[in-house]
Amino acid sequence: MEGPLQTSIHVCHENGQWMSRLPEKLWDIPLYNLALPGSHDTMTYCLDKNSAVSGNESKLVKFLNKCMPCIVHPIIMKWSTTQVLTVTEQLEAGVRYLDFRIAHKASDPSMNLYFVHMVYTTVTVQDILWEVLRWLETHPQEVVILACRNFDGLTKKLHCRLIACIKEIFQCKLCPRNVVPTLRTMWQCGHQLIVSYEEDVEVEEHCELWPAIPYWWGNKTATRTLIQYLERMKRMGRPEKFFVAGINLTENLRYILLHPFGSLKKMTLQSLPCLKIWIKQQYPGPKKECINIVAGDFIGNDDFVKDVIDLNTKINPPLHCQSKGAGTNSISFSAS
């Protein structure tokens, strides 16, 4: 128990079909102009307690973990875990952006790929891709954005294997990047998955892959400074297409030493009331200071997902964009 910081986890199953329930006036708006809830470091709910520290961590962390594993490893687990809901539970809760940090274990002779956040997960990437497919098949009008990132230890051969696996599993559910991804278009074509891939060479070779989605990462330990960072990024102007505003706080060594009994969960729960206010003040759309994907840690706590989804009620497209088959190039937005 987290004492007074314990917040109930709301897996709102009503959000499992939220896209299919959006009003028709939003069906012709590109998904990058809607508000979409996302999870930061989606797969950390199943980090392996017995895993070695990942290859891209500092030599100091590896050394300390090797010398004092009984002390260092529990600390790593406390500050690496960002989610407690499984990927299916996250999708059922309404999350539509999954942050997949993919890696290959340096000492692993097999071609198995895992997820990573300081340490590796117990499940493989392939197993989770099949799990996502099973969920999509039972939710035919929901669309998910899958962001493949990190790629620690992946060779060209492993990239080819991963992409082949994605294509084999999702097939026609994959939305090509030359499609304007509105709900109406994706429903008509049977597309349900947008895969962004943080490796430009591979994206150029495969039309099913979308470029890396920019992630506004504040790298802040305090809620106030994180919000200031996000507001500064908004003033600079949003990217033209998909992007993520990360409301996740980030610990550093000083913060950990000053909070010996702390954890990322405690850090996150303390920030939620202020971040909730900030989220409710946002507007989705193409304008300079509008938001798109909002990703956070421990997404089952508070009403984070619902608050992001509800931002879409602020969108008022002009009447000519509400008719069936209307074009998307001339859409303008106004706040209600």
Kindly give the heavy-atom pair with the smallest separation between [X] and [Y], and that separation in Å.
| X | Y | result |
| --- | --- | --- |
| Leu209 | Val203 | O-CG1, 3.7 Å |
| Phe304 | Ile247 | CE1-CD1, 3.6 Å |
| Ser196 | Ala147 | OG-CA, 3.2 Å |
| Thr223 | Ser271 | OG1-CB, 3.1 Å |
| Thr221 | Tyr255 | CB-CD1, 3.8 Å |
| Gly218 | Leu226 | CA-CD1, 4.1 Å |

Audit row: Cys148, Glu198, side chain to side chain contact (heavy atoms under 4.5 Å, CB included) steps and yes/no: CA-CA 6 Å; Cys148 297; Glu198 207 172 60; over 6 Å; no
When you group the ILVMFWY residues by side-chain heavy-atom contacts below 4.5 Å and let the links chain together, are [Y] and [X] in the same group?
| X | Y | result |
| --- | --- | --- |
| Val305 | Ile277 | no |
| Phe243 | Val144 | yes |
| Ile227 | Met236 | yes |
| Val179 | Ile194 | no |

With the side chain counted from C-beta on, respond yes when [X] and [Y] share a heavy-atom pair under 4.5 Å apart, and no when they do not.
| X | Y | answer |
| --- | --- | --- |
| Cys165 | Leu129 | yes |
| Asp48 | Thr122 | yes |
| Tyr45 | Leu85 | no |
| Trp216 | Val244 | no |
| Gln141 | Met19 | no |
| Met186 | Cys175 | yes |
| Pro37 | Trp18 | yes |
| Glu92 | His139 | yes |

Does [Y] offer a backbone N or O that forms a donor-acceptor pair with the side chain of [X] under 3.5 Å?
| X | Y | value |
| --- | --- | --- |
| Asn312 | Ala35 | yes |
| Gln192 | Leu136 | yes |
| His104 | Ser110 | yes |
| Asp99 | Thr42 | no |
| Gln83 | Phe298 | yes |
| Asp310 | Asp307 | no |
| Arg101 | Asp152 | no |
| Tyr283 | Ile315 | no |

Mind checking side chain to side chain donor-acceptor pair (under 3.5 Å) for [X] and listing every partner two or more places apart, or none if nothing turns up?
| X | result |
| --- | --- |
| Gln126 | none |
| Lys156 | Glu202, Glu205 |
| Thr185 | Thr182 |
| Asn248 | His40, Tyr215 |

Of all pairs that satisfy ring-ring contact (aromatic ring centres under 6.0 Å, His included), the ones with a partner from residues 177-203, not counting sequence neighbours: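 Checked against ring-ring contact (aromatic ring centres under 6.0 Å, His included) - neighbours excluded - the pairs reaching residues 177-203 are Trp27-Trp187, Phe151-Tyr197, His159-Tyr197.
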For Met77, all residues meeting side-chain contact (heavy atoms from CB on, under 4.5 Å), sequence neighbours excluded: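 Met77 satisfies side-chain contact (heavy atoms from CB on, under 4.5 Å) with Leu47, Lys49, His73, Val119 once adjacent residues are dropped.
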Could you pull out all residues at least two apart from Lys157 that satisfy side-chain contact (heavy atoms from CB on, under 4.5 Å)?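 Result, side-chain contact (heavy atoms from CB on, under 4.5 Å) vs Lys157: Met111, Thr155.
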Taking salt bridge (charged side-chain N to carboxylate O under 4.0 Å, His left out) as the definition, give me every residue that meets it alongside [X], ordered by chain and number, with sequence neighbours left out.
| X | value |
| --- | --- |
| Asp127 | none |
| Lys78 | none |
| Asp297 | none |
| Lys173 | none |

Ile128, Ile145, Leu91, Leu193 screened by side-chain contact (heavy atoms from CB on, under 4.5 Å) with Leu98, the one that passes: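 Checked Ile128, Ile145, Leu91, Leu193 against Leu98; only one passes side-chain contact (heavy atoms from CB on, under 4.5 Å): Leu91.
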Which salt bridge (charged side-chain N to carboxylate O under 4.0 Å, His left out) pairs, counting each pair once, include a residue from residues 233-249, with sequence neighbours left out?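 Qualifying pairs: Glu231-Lys234.
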Please walk me through it: do Tyr97 and Leu36 pass side chain to side chain contact (heavy atoms under 4.5 Å, CB included)? CA-CA 7 Å; Tyr97 167 89; Leu36 309 175; 5.6 Å; no
Any chance the side chains of His259 and Lys266 put a donor and an acceptor closer than 3.5 Å?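 No, no side-chain donor-acceptor contact under 3.5 Å.
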Are Gln282 and Val308 close enough, and set up right, to give a side chain to side chain contact (heavy atoms under 4.5 Å, CB included), and what steps lead you there? CA-CA 9 Å; Gln282 305 312 304; Val308 176; over 6 Å; no
